[in-house]
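Everything on this sheet refers to the single structure shown next.
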2 protein chains.
Amino acid sequence: MGVIMGGRRGDTREQIRRVALELFAEQGYEKTSLREIAERLGVTKAALYYHFKTKEDIIASLFDEFGEKVDELVAWARTEPMTREHRVEVLERYAELLRGPAGDLMRFMSQNQQEIRDLKPGEDARARFRTLARVLADDRDTVIDQLRARVSIMALHTSVFLAHDMDISDDERHEAALEIAMELIGGADRGRRAAEREERPAS
Amino acid sequence: MGVIMGGRRGDTREQIRRVALELFAEQGYEKTSLREIAERLGVTKAALYYHFKTKEDIIASLFDEFGEKVDELVAWARTEPMTREHRVEVLERYAELLRGPAGDLMRFMSQNQQEIRDLKPGEDARARFRTLARVLADDRDTVIDQLRARVSIMALHTSVFLAHDMDISDDERHEAALEIAMELIGGADRGRRAAEREERPAS
DNA sequence: GTCTATAATTAGATAGAC
DNA sequence: GTCTATCTAATTATAGAC
């Protein structure tokens, strides 16, 4: 939208976010120091503190952007009844969301769950992850179907490093992970969910 | 084999290992300080350094014990041709191995992959993980079957925290994770592997 | 908006007494 | 085998000049 910031180049904040995500994804949150982020950007630590109050604020800013998109996806998902076809559509959209920076962020989150567990942005992200899983399989589904939904999402998050030594392109890997995720949530001869629904009176 | 240690109580080293695993699994490797381990045990940091040369040596000791068991499992797995039934058996044995301390260790590893990536014991563990996955699906299988094998192992490693807010017992969760893992590696109407083998001359 | 300088804290690790 | 005391290095964060 062509927003013009006060200073000469208003993109410093954005560059901090970009470099921080790079380094967090590369080596983890704790291991990445503010000094390192500043050095790679050619500025000093104090400059970082002008744009972000704390180190945690940097990562919070990254998670917030992703969180909004997930919230939108969940809201959209709930506009239609959860048929198997719709579940597949939701998963496809989520997989699409994971191409680009969001994928790096979720890969980072998967590989550093413990580190970000105590951080507010980490808690929020986990809550969103649960919400998305519950869209795919809720309390009316069997516990195993609920677990299948979670494993399928995790498969999408982790495919990059699960397949990192396999000789395939990014697109092939993306396709393979999506297929596995779909098998898990929309399984072939699995009709428990539909069967249960039939037995229940429309409330 | 009933080894008798030199000192009066040879269990200090073992207690350090136990407490360390507890804390590592609770809060991660980096976040757990040697001071914390020592305090929970009622000793001092210097006492730890008598039993282990470095902090890394403590975690290496934990991974080594687990690694031996995985090596044994892999060796056993290779004594028979890899039929679908045998794959299921291998996975069952691995799941059984994950009950007890090994499960805590693998859960810790899953949640802290980035942290232990640069550590020697972490590299070794990852190599063993790949080896086990290749026992279940090797180069002659499709890439998607290879990825399925890895997802299935990860599902076993992570079921504890994937299902931590679900209202099920440990045994139910264990069963559910194992079922999902088996679906992934021994899938219903999936015959690619067998078909490929038929086309190949017995070398 | 970016800098220098520094405070305050904590970590892993070692030396040497007992 | 365990202790006290200490070293070195790195971290997050702040104060104040320009």
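By convention in this document, chain letters (A, B, ...) are assigned in the order of the sequence lines, proteins followed by strands, and residues within each chain are numbered from 1.
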Regarding the side chain of A:H51, the nearest nucleotide among D:dC3, C:dG12, C:dT2 is C:dT2
Take the protein atom OH of B:Y29 and the nucleotide atom C1' of C:dA11, then report the distance between them rounded to whole Å.
12 Å
What is the distance from OH of B:Y49 to P of D:dT6, rounded to the nearest Å?
18 Å
Closest nucleotide among D:dT14, D:dT2, C:dG12 to the B:L34 side chain
C:dG12
Between A:K31 and B:D118, does at least one N-O distance fall below 4.0 Å, as a salt bridge requires?
yes
Give the C-alpha distance, both sets of side-chain angles, the deciding distance and a yes or no for ring-ring contact (aromatic ring centres under 6.0 Å, His included) between A:F108 and A:H157.
CA-CA 9 Å; A:F108 158 67; A:H157 287 172; over 10 Å; no
Please report, rounded to the nearest Å, how far the P atom of C:dT10 is from the CD atom of B:E30.
17 Å
Lys/Arg N to Asp/Glu carboxylate O, B:D104 vs B:R99, below 4.0 Å
no
Atom CG of A:L119 and atom P of D:dT12 are separated, to the nearest Å, by 12 Å
Answer yes or no: is there a donor N or O on one side and an acceptor on the other, between the side chain of A:R17 and the main chain of A:I58, under 3.5 Å?
no
Between C:dT4, D:dG1, C:dT2, which nucleotide has the shortest distance from any of its atoms to the side chain of A:T12?
C:dT2
Length of the NZ-P vector between A:K55 and D:dT11, whole Å:
9 Å
Is any side-chain nitrogen or oxygen of B:R35 closer than 4.0 Å to OP1 or OP2 of C:dG12?
no
For A:K53 and A:E36, find the nucleotide of DNA chain D closest to each by heavy atoms; which residue's nucleotide sits nearer the 5' end?
A:E36
Please work out if B:T44 contacts a base, only the sugar-phosphate, or nothing of the nucleic acid, heavy-atom cut-off 4.0 Å.
base
In whole angstroms, the gap separating C1' of D:dA10 from CD1 of A:I37 amounts to 15 Å
Compare the minimum distances between each of C:dA15, C:dA13, C:dC3 and the side chain of A:V43, then state the nucleotide with the smallest one.
C:dC3
Which nucleotide in D:dC3, C:dT2, D:dT2 has an atom nearest any side-chain atom of B:A46:
D:dC3
Grab the CD-C1' distance between A:E56 and D:dT12 for me, whole Å please.
12 Å
For B:I58 and C:dA13, give me the distance from atom CD1 to atom C1', rounded to whole Å.
12 Å
Assess, by modelled atom type and distance only, whether the side chains of A:Q27 and A:E36 contain a donor and an acceptor separated by less than 3.5 Å.
yes
